[in-house]
Colleague: 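Quick one: this structure, given as structure tokens, is what I'll be asking you about.
When reading the values below, keep in mind they use all heavy atoms of this one structure, side chains included, and skip hydrogens, waters and symmetry mates. Lettering follows sequence order; numbering is per chain, from 1. Computed from a predicted model, the values in this text were never measured in an experiment.
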Amino acid sequence: MNASAIMSMLLAAPSSGNQGFDLGRMMAIIIAAIFVNNFVLSRFLGICPFIGVSKQLDSAIGMGAAVIFVMTLATLGSWSVYNLLLVPMNLGYLKTIVFILIIASLVQLVEMILQKFSPSLYRALGIFLPLITTNCAILGVAVLNIDEKYSLGYSLVNAIAAGIGFTLALILMAGLRQRLELADVPPALRGKPMAFLIAGVMSIAFLGFAGLGG
Amino acid sequence: MEHKRFELAMSPHVGTHQSTRKIMFDVVIALLPALAAATWFFGPGALLIVALSVGAAVLAEYLCLKFMKRPVSFAFDGSAIVTGILLAYNVPPGVPWWLPILGSAFAIAVGKQAFGGLGHNIVNPALLGRAFLMASFPILMTAGWTAPEEWRNGQNNPWETNGIVQEELLEMPNADAISGATPLNVLKQSFDLDKSADLANKEGNHAEALDLEARASGIRHALSQKSTYLNLLVGRRGGCIGETSVLLLLAGALFLIIRGVLEIRLPISYLGTVAIFAWVFGGSGWFNGDPIFHVLAGGVILGGFFMVSDMVTTPVTPKGRIIFGIGAGLLTMIIRRWGGYPEGCSYSILLMNLVTPLIDRFIRPKVFGEVKEND
Amino acid sequence: MNAGLVLLRVLVSQESFGDAVVNPVIVLGAMGLLLGLGLAFAAFKLAVPKDPLVEKISALLPGVNCGGCGYPGCNQFAEAVARGVAPPGGCVAASESINAKIAEVVGVELSDSTKLVALVHCNGGHSARDEFEYHGPSDCVSATLIMSGQKTCSYGCLGFGDCVEVCLFDAIVIGENGIPIVDRNACTGCGKCVEICPKDIIELWPVNREVVVACASRDKGAFARKACTMACIGCRKCIKACPVEAITVEDFLAEIDPFKCINCGLCAAECPTGAILDTAPARPKAYIDGSCIGCTLCVKACPVDAIHGELKEKHEVDSEKCVGCGLCVSKCPKNSIRMIGAKSYQLGQEFRV
Amino acid sequence: MSLMKDLTNGIYKENPVFKLALGMCPFLAVTTSVENALGMGAAATFVLIASNFLVSLFRNLIPSKVRIPCYIVIIATFVTLVDMVMHAYLPALHKSLGIFIPLIVVNCIILGRAEGFANRHPVLNSVADGIGMGIGFTMAMVVLATFRELLGNGTWLNMDVLGSAFQNQPLLIAILAPGAFILLSFIMGFFKILETRKGGCQ
Amino acid sequence: MIEMLKLGLVLMLVALIAAVALSLVNSRTAPLIEIQQELEKQNAMSEAAASLMPDDSLAFDSLSIDNLENPYASCDELLQVVKVFLPPDTSRIGYVFIAYGKGYSSTIQTMVATRMDGRVSGTIILNQQETPGLGANIVKPSRLIDHLIGMNGQECLLKKDGGTIDAMTGCTITSRTVVNSVRQGLEDMNEAGLFSDEIAVDEEHTEGGSE
Amino acid sequence: MTRARTFRGGTHPPGNKGLSSGKSIRKIPAPDIVRIPLCQHLGAPSKPVVSKGDTVIRGQEIGAQNGFISLPTHSPVNGTVTGIEDFPMPHRRSGSVVVIETESEEGGQIFEKWDDFHDHSPAEIIERVKQAGISGMGGACFPTYVKLSPPPDKKIDTLLINGVECEPYLTADERLMLERPDDIILGMEILAYTLGVQRCVIGIEINKPDAIDVMEKKGVTVLPLKVKYPQGAEKQLIDAATGREVPAGGLPLDIGVVVQNVATAAAVANAVRDGEPSIRRIITVTGQGVSSPCNYDACVGTLFADLIEESGGYTGDVERLISGGPMMGIALYTDGVPVTKGTSGVLALSPQEVRDIAEGPCIRCGKCVDVCPLKLVPSMIATAAENRRWQMAKEYGALNCMACGTCSYVCPAGRYLVHYIKNAQDAIRSGQGEGV
């Protein structure tokens, strides 16, 4: 396979040769991933960290930034390996195992590199990195990109937007939880049940975005 | 020496005569004129829906408090009544009787009491109840419209009675009469026609596209007529129970302002934003929308004066309130123009309710004497 | 392992599997090797020195980074545990035994001293008169702000239960008398209640000293008595009753020295107002076995005349009278005396104050 | 005895969902019907048992530095197996579970048990734990799915239960995303009440 | 260094075993999955084509025309048209194709059978993940689906867009997606000249439009 | 008259001043037994220098200054000390009082009279003010001499005399301005001379037109102020008068302003001119709970009960007895407490006057934010404090609060906002819950 062929593959969607860059479609992907089909509130991806790291606003912001960062890198890696290696070798069925390996080692490498070379960035982002391995939003976006047959460009856009959507939900959640910490919540609902109830309310509100960009 | 003994408390020892209860009942009173309009246009059915909704809300509040072993007197502080009325005001007049009951019960139980009751709820319970109904019974909630005064003259003729004056339209070339239960539905249709026109253009059917575009702009033209405005003001239009008469809603709002209950920044920033963005992108293209229509149609007036200004779920600081109003206004217009629903008022407020804690956290007034560099 | 390799070679060599097996094996194998090497390389080259305690805890933790503990990852949780910020049992993914091990790792520095539990130095409650009616937030801190609380006794418990609220272990409840009651088993001695109490009447107290002064009033006897029927009036009767001189009275208030106290409860029996409480659920009884030589030392030691017997003959204990103080045990030259029966906590251990 | 304890541990005492709040993503996503819940439960249980077995078997051979990647590979392998088998033999279920089958890989329960339990217990106990946790997970999903399917569709395991009048206007929100969150919240709250009641009696 | 190598080798070994296991299983299941999917497609085609002629013995043959691009599909699917004939006579009696359209929250795949004159004879919704209870109702028998039958590309339009088809209550977007994707498919086929010349009126119209 | 000035925020509670504003000051004799609290000022209590059995004369020092921020205490009567004991106080549960059996109230000139204060240096005047035991008589009781001795690096350019009396009910300052304007004006001149400032203004709310008139006729620069609570708070008064904001955590000195109450000015005049220590003050006894509200000139150590009796006793139900005004005054559980230098009023409020609504949850109406003169967010501070999140309360500026009570006054949910905020202040100052 020569270089130009690889380039054309990267830039175009895998199954059709002539899909160019389309601003409208990109907007649709972005709006869908952030609002309409928000990863957390409508697709149920990344619930564990969403519930776990939303107690403090500062952690939520850090986690969100880390997720966006890793999501982008993981998508880049997984998309390339899938379309440049697995598909030509007819090994599509290995995608799950390959993706998770890529994500796990990527996260660990990034964490170690940050810790070594940029302690300040590590303190801001790095401490959230381990949690990301088991964040199904990362693997989810990688798999979804393949399922939707997005080109690399769209895949990256989708990944970043999904990360932003995750972050948005996380930050809103953190704000609400901090407010409710001072509220007179019935004892039975304190803690995790409350977190899920807030998520439910947020999810209802996000239904308002339905149909947007469609 | 024995001296007379007195009770003790922290200063101040005097206070205003306002109380939560009084505020709530003021809001109830302010909402009543609109109920009269609703009953006039939609018949006693509307009254029944409001009554059921209020009853269910108060009952649900009472039962929740009882279940949680909290003082049940809170159930009668009027806040449940406000929630009940607002919920009923946000459903179409033709819904079955059990719908508002279910909605109110959900609004109170899940939207309010689960969070700890009055003052602790994160979103407006009535709006949450409405969103719950929208998600659960989308067909009933989007098809339960009745035309104004239909109950009296017995004919369902939305062509004349949804508030849009047809004569104007019929004079337009290529413009058929339009149907649609509410003015905003009609507007949404015009956007749909625009979309179809784009499609036709893409396919190369330029003649068809022109025709569609003409019809779309014809509809929008009809919506911007004085007579349409008048109908919207009076309340002769299709829509939710509470959003009929703009005039009577304004009267209620005026009452609240006089009573010092209404925080004026929220409605003003909200309605102002709606108007501005209605002009910016409320029409087919840019900067040609009709702000007057957008403000009068749908639930913006009801929302602006009675739901955006809900104290519990909006920021406490003046600056925060202005930001809240702007955000809600922008979201309303985005949903109206590009979203899946013809009306975005209630969802926009719900969404901004979620942002309220963040606004409260980051937007605080400058403390007296605080040096600027700390900001 | 070898068997696996052989199997692999057999499989690979067979034409029928061919590409279908070889390709994935190559791809995955290469990835595994590369990533393994990469990670190993990184682990060695990029290693950052860590706190050994944190390492130890991390090693015990599940390492799934689920975030259930509220920390971003297992390492952060481990650090928090090591710093004492997070509870050792805070991991939701680990089983209880692991949590116990973590607690062990963290707790090795802690001595196996006697547990300290919260003790409320007031038994006034509804027996204490109110000076005025208080209007304001229902908590002790707020009430204290106004003329130091509504009670006539300015030392006593206000009974709004701030301590109940701050207790993370539900170890305190307000009893019927309007006084907090501490569940000694549930109490961990964290001291949150001590910190919050605006009247400073809660103290951490060794769990096995069960005779306590339940009053903090330093008012003069007459005034204290007027303010509260349960007040210590400084009558000094307890001092006389105490066989080990564990009690002192200062500013009209008795104080028990927990280091000296032997739990006999004699002071409590003597106290005219009930300011000294005997909270022991049951007392052990002395038992003299056959090795007794009848030296009568124990008879002299006994503060309640519960031992009797002839010189050079085996002595007997009147278990009705015995208060379980154990003074005789220490005096017996032949170690013939044992304490038998219910003892909720072991005496004689060291404790931190 | 200890085996029995390991087995029952996951069912109630350490129920992965209600008590530990692990594995939430698939739990919320696939509980739109009892059928899906059972399918997902079976798949997760299989992976849980198999990975616990293998991890426990090789627990002394795998160096600790690469244990997590190794476990992930083991789990991912079983997940892919389940994926392929389900695709081949149960295509309808495969379709409705969709993306959440590959996502079993990142289900915290599985990695959590591999690391937290199988890593330091003998094979039999690990398998028992896997079965217990699997059953606990499945049961929890069935509970939530029962509510969601009943309220949102009027059926249970595709059987008509609440009659056609209800089915014409079911409480749709129950099978939408918000319904899952809210119902889960209340179920967890209910468990909490149960627990405090029980605690109060002791 | 040795230590590092050892770690890498262990991971490799685990990966190798995984690879072998997976490839073995895959070699068993992959054909099955393929057969499964083929069967599913066949069934759907038969079902759709049954509306053309209720006969079990209908056969299908993919057309050797250039793939038609469908601009409304979300995931770059191409319009693939299958010829339907009744063996042994291999002349076509109609076509079957899949229309793709971006719906409310998913891509809706509609299998459409058409007569030779370009009119719809039957549709089946193959794949959709629309809102349950709303858009998802599209799979149930409905007026919308009934309405489509007998329509040609020109007529296939919602009432709201100037046509005659009533949208399903509460889900205009889903309805519009289905209708528009079907129309698009029909028009593409028409332009490709697949339909017989009997529908002269429509031909004229199409020409007029394309100028 | 120029337009009345004011500050931002605040509220306007009904004044209820009519009850006593028309009543001229009545000087009442000392009771048979006076109880002189040893701590009538902010700072360390004075040290008793007499003991049981001692004979004291009027104006004699009975408690000595005890530290920098402290003041001496003087006997208001001639008599015999019968003991030093603990006694209920208006601002706390109990404190030491010197009990004196009154024999007479005449004579007892301790300090020499100064005919013209210009003959004396500012330092001498400050010493006199200190020796006379004068503390701020507006309520805070801060030793006046400290305020008169600014650090040398602070340039004072404005002296503000506080005649605002924004607390409802109270009319003591108003009566003082009407009846003894010369004392006030002399006090002003002395203070201005001592501080060396040229600009000297008296701020009066426009609901006291008579007082403004009197002052203006005497040629004093009067700053008419809008009727609004807490217009009389130091920071708000300065803001309204000069447009300067006292920095958070700072003092008026930092921006070159000194504020003194009118009563303080009069007391300074008495001390400097007549050599009389601070042993008497003007007190308003009012509220619907007393038969005939009035303004008294009473000596320190008189019991509240005596004043009430003087006003004809209680009428009907008295729900609350307050020392000071209704907004910032302290509720008392007994009327058996002595008058101190800072007692500006005794209020006996009937149940109708006292606000008593059950505390409900905060409905976040934001009224407290609108009225807070310090532009804090009282509801948030209070909510944080209620949940013992002291650190959070601190972040929201709890320490800036001056407990003026405006927020509690307007709160429709009847929340004890000031109470919570004070809890937070105490907790923060004592270092509780760091990091929470």
Colleague: Any idea which of C:P198, C:S154, C:S148 has the most non-hydrogen atom pairs under 4.5 angstrom with chain F?
Modeller: C:S148
Colleague: Could you grab the distance from atom CG of F:L42 to atom NE2 of F:H91, nearest 0.5 Å is fine?
Modeller: 9.5 Å
Colleague: Please check if the side chain of F:Q40 supplies one atom and the backbone of F:K341 the other of a donor-acceptor pair under 3.5 Å.
Modeller: yes
Colleague: Minimum heavy-atom separation for F:C39 and F:M89, please, with both atom names.
Modeller: O-CE, 3.9 Å
Colleague: Heavy atoms, side chains only, cut-off 4.5 Å: are F:P326 and F:P168 in contact?
Modeller: yes
Colleague: At under 4.5 Å between heavy atoms, what parts of residues 134-143 of chain C are in contact with chain F? List them by residue number.
Modeller: C:Y134, C:H135, C:G136, C:P137, C:D139, C:V141, C:S142, C:A143
Colleague: Using modelled atom types and a 3.5 Å cut-off, is there a donor and acceptor pairing between side-chain atoms of C:E203 and backbone atoms of C:A118?
Modeller: no
Colleague: To the nearest 0.5 Å, what is the distance between CE on C:M147 and OG on F:S94?
Modeller: 10.0 Å
Colleague: With sequence neighbours excluded, give me every salt bridge (charged side-chain N to carboxylate O under 4.0 Å, His left out) pair touching residues 165-176 of chain C.
Modeller: C:E165-F:R388
Colleague: Which residues, numbered in order, of residues 218-229 of chain C come under 4.5 angstrom of chain F by heavy-atom distance?
Modeller: none
Colleague: Would you say that more than 12 heavy atoms from the other residues, nucleotides or ligands in this model lie under 6.0 Å from the CD of F:E359, or not?
Modeller: yes
Colleague: Within 45° of the axis and under 6.0 Å from the centre of the six-membered ring of F:Y333, does NZ or CZ of F:R320 qualify?
Modeller: no
Colleague: Pairing donors with acceptors under 3.5 angstrom, does anything connect the side chains of C:Y155 and C:D200?
Modeller: no
Colleague: Would you compute the distance between atom CG of F:L399 and atom CD1 of F:I428 and round it to the nearest 0.5 angstrom?
Modeller: 4.5 Å
Colleague: Less than 4.5 Å to any heavy atom of chain C: does that hold for the side chain of F:A385, its backbone, both, or neither?
Modeller: neither
Colleague: Check whether the side chains of F:T406 and F:T11 place a donor and an acceptor atom closer than 3.5 Å, and report yes or no.
Modeller: no
Colleague: Within residues 122-131 of chain C, which residues come under 4.5 Å of chain F, heavy atom to heavy atom?
Modeller: C:E131
Colleague: Could you walk me through whether F:L303 and F:D306 pass the side-chain contact (heavy atoms from CB on, under 4.5 Å) test, one step at a time?
Modeller: CA-CA 5 Å; F:L303 289 190; F:D306 301 335; 3.5 Å; yes
Colleague: Between the side chains of F:E386 and F:T383, is a donor N or O closer than 3.5 angstrom to an acceptor N or O?
Modeller: no
